[in-house]
Amino acid sequence: MTVESLPTFTHPARQRWESIPADIRQRLLANVWCGQCRHEVTITNFTGAIKGGDLLLVGKCAECHGDVARVIEGV
Ligand SMILES: [Zn+2]
C-alpha cells in the first residue's frame with residue numbers, strides 16, 4: 001500500500017506519515033492492537049489526523065472489521 005492510495009489524511013498528518021520510512025510504516029500498520037481479536041492485527045481503511053501533536057490513525061481491523069486506532073508519538 002502506498003501513501004498515495006491512502007484514504008483520508010489531513011495535510012499535516014500526511015506530511016508526518018510520509019516522513020516515516022516505508023518499512024517502519026508497514027510495521028506500524030501491521031501491529032495494531034485489536035481489543036476484540038485480542039491480538040495484533042493489520043489496520044485497514046484508515047484515516048490520519050494530528051491529535052495533541054501525535055499522529056493518530058483510525059481504521060478497521062482487517063480480521064473482525066471492528067474499530068481500531070494507533071497513535072504514533074512524536075515522529
Ligand atoms: Zn479485530
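As the structure lists them, so they are numbered: ligands from 1, and atoms in each ligand from 1. Because the structure is predicted, anything quoted here is derived from the model rather than measured. Computed over heavy atoms, backbone and side chain alike; hydrogens, waters and symmetry mates excluded.
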To the nearest 10°, how many degrees is the angle C34 SG to the Zn ion (ligand 1) to C37 SG? 110°
Do V32 and T42 touch side chain to side chain, with heavy atoms closer than 4.5 Å? no
To the nearest 10 degrees, could you say what angle the Zn ion (ligand 1) makes with SG of C61 and SG of C64? 100°
Would you find a donor on one side and an acceptor on the other, under 3.5 Å apart, between the side chain of R70 and the backbone of L57? no
With rounding to the nearest 0.5 Å, note down the distance linking NE2 in H65 to OG1 in T44. 7.0 Å
Rounded to the nearest 0.5 Å, the CD1 atom of I20 sits from the CZ atom of R27 at a distance of 11.5 Å
Of the backbone and side-chain N, O or S atoms of H65, does one lie nearer to the Zn ion (ligand 1) than 2.8 Å? no
